Number of protein chains: 2
Amino acid sequence: MRKPIPMRTFNRLVDILKIIEQAPDKQSFSSGDLALELGVSDILIRKDLNSIGLSGRPKIGFDRTDLVSGLEGVLGYTRQNDAILVGCGRLGRSLLDFSLLDSLGISLVAGFDLTPSKIGRLEILPLTKMPSLIKRLRIRLALLCVPEDSAQATADQLVAAGIQVIWNFTATTLHVPEHVHVHQEDLRLSAAHVLQHLHREEQ
Amino acid sequence: MRKPIPMRTFNRLVDILKIIEQAPDKQSFSSGDLALELGVSDILIRKDLNSIGLSGRPKIGFDRTDLVSGLEGVLGYTRQNDAILVGCGRLGRSLLDFSLLDSLGISLVAGFDLTPSKIGRLEILPLTKMPSLIKRLRIRLALLCVPEDSAQATADQLVAAGIQVIWNFTATTLHVPEHVHVHQEDLRLSAAHVLQHLHREEQ
DNA sequence: CTTATATCGATATATAATTATCGTTTCTGA
DNA sequence: TCAGAAACGATAATTATATATCGATATAAG
Ligand SMILES: NC(=O)c1ccc[n+]([C@@H]2O[C@H](COP(=O)([O-])OP(=O)(O)OC[C@H]3O[C@@H](n4cnc5c(N)ncnc54)[C@H](O)[C@@H]3O)[C@@H](O)[C@H]2O)c1
Ligand SMILES: NC(=O)c1ccc[n+]([C@@H]2O[C@H](COP(=O)([O-])OP(=O)(O)OC[C@H]3O[C@@H](n4cnc5c(N)ncnc54)[C@H](O)[C@@H]3O)[C@@H](O)[C@H]2O)c1
């Protein structure tokens, strides 16, 4: 089995794929081009790409098709993963419309809320239906967008129903068993970066 | 002038402050405690804290009050920064309610949208009023939450009105002049991390 | 067909980040 | 009051990450 990808490399791979998608006309990309946009050396770009089995051609660069399929494969964007959305308020509804998620391989197949309804063609179900649906469709990922004071209790329900990964959009730190993974969508770090720039300008 | 803080250290400082805020009863924190939660060595924690002028006491650890004031100072959470919100749809309204921003030193003092209205006690103004308000209140930060296909045009208006930092919640990559800084709130990277964990579980 | 050049990959070097070691300080309890 | 332990800070060593160098290769132009 191949060794795990270092985090820094992983982050750059995400960035590289983004650059490629934003230049739909380019047929090939040299390590120098990509390096310039990312602010690192071309050598590093080649190392990153080589490490996931991609190679380029002298005088040409890396082929677009190779890059896209290689990167999407490694990043996991190719296969479609079913997920549920819990808490369909303002943020939740915004995410339901956010087409980027689909293109990254995440399909929201059901929504849950205290008050059931229908958004577009998607059923918003009451929470009582959650456990059975998770089991029936073998859902492993949940996006959590409930109010802060319901976050832990809802997470507990998700865990009890067998969810393995929680993408947590609330600011509440969740306590979950060892085998469950929480990815925290945290604006704190972003805010700190924003403030740095704000204050940098000041001088 | 003190040298700039390395990015990795900066990120850990944000995490450390979060840990402290989540343990409101603890009067002091040892580097070992913090290290355990962050998954790094205690030595590194001490280095990080020493680097911003904080020191601990043997047998006790770092004093809560020192930590909070030191960290908040460095991260810029102490002084209040006025900001505007452009695009008051689902995501935008959610952010207007998101009290975390206030506690990080970001006050949303006005909202703008195609359709003016009032949310709580906050006026949502038409875009025509934007330039004069930015100048009058000397606003330097804008949160951008408009639809993807208006993102670049709206950013152009913000730049023309003198905004210096744009916190971009749209997935669109913005092109702005050198002196303007864009902080991209990007779900791509998060999604990739989430998918890694989903697939890790699989084996 | 030959030459010039852009770009690659491999190996070596340099820099940055993290951890280990060790002696010191301050509190606790006998 | 003194021994022991918990935690600290400074310096040294290690590991990880990024860059530099250089020979090789494929393309394009003449
Ligand atoms: N990370 C971010 O980017 C970010 C940004 C803004 C808000 N937030 C957070 O996201 C969360 C949602 O924000 P919002 O503005 O959409 O709130 P909202 O009040 O608009 O929506 C919350 C929804 O959850 C539903 N709900 C309440 N309790 C529930 C439960 N136990 N189970 C299922 N559904 C339940 C409500 O009916 C409502 O529809 C909040 O915790 C907020 O603090 C995060
Ligand atoms: N980064 C994230 O976490 C994230 C999550 C979800 C959505 N998004 C993106 O955020 C943006 C907003 O999403 P949403 O769900 O709130 O959309 P929305 O349609 O609910 O709201 C958009 C708002 O912008 C207003 N608007 C349109 N054109 C405008 C203009 N030129 N100037 C000012 N206001 C204008 C509309 O009147 C509307 O109120 C979208 O681009 C979406 O793709 C980002």
Side-chain angles (χ1 to χ4, degrees), chain A residues 2-16 19-20 23 25-71 74 189 192-193 196, chain B residues 2-16 19-20 23 25-71 74 189 192-193 196:
Chain A
R2 64 171 171 283
K3 72 180 68 165
I5 301 173
M7 197 203 336
R8 313 287 288 276
T9 294
F10 186 86
N11 293 353
R12 280 192 297 271
L13 294 177
V14 173
D15 290 342
I16 290 171
I19 291 171
I20 293 168
D25 299 329
K26 288 190 75 170
Q27 185 49 41
S28 62
F29 296 81
S30 76
S31 56
D33 291 351
L34 296 168
L36 206 65
E37 294 218 45
L38 264 67
V40 295
S41 73
D42 53 343
I43 302 125
L44 188 52
I45 298 290
R46 288 200 292 278
K47 272 200 162 173
D48 288 344
L49 294 175
N50 291 165
S51 80
I52 60 164
L54 291 172
S55 53
R57 294 199 310 175
K59 185 82 189 216
I60 301 290
F62 292 79
D63 181 62
R64 176 187 198 90
T65 318
D66 292 353
L67 283 171
V68 171
S69 69
L71 289 169
V74 167
L189 186 56
H193 280 123
Q196 286 303 100
Chain B
R2 65 172 171 282
K3 71 181 70 165
I5 301 172
M7 198 204 334
R8 315 285 290 273
T9 294
F10 185 86
N11 293 354
R12 279 191 299 270
L13 295 177
V14 173
D15 290 343
I16 291 171
I19 291 172
I20 294 168
D25 299 330
K26 286 190 76 171
Q27 184 50 39
S28 63
F29 295 80
S30 76
S31 56
D33 292 350
L34 296 168
L36 207 64
E37 294 218 47
L38 264 66
V40 295
S41 72
D42 52 344
I43 303 124
L44 187 52
I45 298 291
R46 287 200 293 278
K47 273 201 161 173
D48 289 344
L49 294 175
N50 291 165
S51 79
I52 60 165
L54 292 171
S55 53
R57 294 200 312 177
K59 186 82 189 221
I60 301 290
F62 292 79
D63 181 62
R64 176 185 199 92
T65 317
D66 293 352
L67 283 171
V68 170
S69 69
L71 289 169
V74 168
L189 187 57
H193 281 123
Q196 284 304 99

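Scope of the values below: all heavy atoms of this structure, side chains included, with no hydrogens, waters or symmetry mates. Since we're looking at a predicted model, the values are computed, not measured. Chain A is the first sequence line, chain B the second, and so forth, proteins listed ahead of strands; every chain is numbered from 1.
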I'd like to know if the side chain of A:Arg64 and the backbone of A:Lys26 have a donor-acceptor N/O pair within less than 3.5 Å.
yes
Does A:Ser30 have a side-chain nitrogen or oxygen under 4.0 Å from the phosphate oxygens OP1 or OP2 of C:dC8?
no
Are B:Leu38 and B:Leu44 packed together at the side-chain level, in the sense that at least one heavy-atom pair is separated by less than 4.5 angstrom?
no
Under 4.0 Å between a side-chain N or O of B:Arg57 and OP1 or OP2 of C:dT24?
no
Indicate yes or no for a side-chain donor-acceptor contact from B:Asn50 to the backbone of B:Leu54 under 3.5 Å, with no hydrogens or angles considered.
yes
Out of C:dT19, C:dG9, D:dA18, minimum distance to the side chain of B:Ile43 belongs to C:dT19
Does A:Arg8 place a side-chain N or O at less than 4.0 Å from the phosphate oxygens OP1/OP2 of C:dA17?
no
Would you mind telling me which of C:dT19, C:dA10, C:dA17 lies closest to the side-chain atoms of A:Asn50?
C:dA10
Side chain of A:Arg46 (C-beta onward), nearest among C:dC8, D:dT27, D:dA18:
C:dC8
Ranking D:dA18, C:dT19, D:dT19 by distance to the side chain of A:Val40, first place goes to D:dT19
Taking C:dC27, C:dG9, D:dT17 as options, the one with an atom nearest any side-chain atom of A:Ser55 is C:dG9
Of A:Lys47 and A:Lys59, the one whose closest nucleotide on DNA chain D sits nearer the 5' end is A:Lys47
Specify the separation, in whole Å, of atom NZ of B:Lys26 and atom C1' of D:dA7.
13 Å
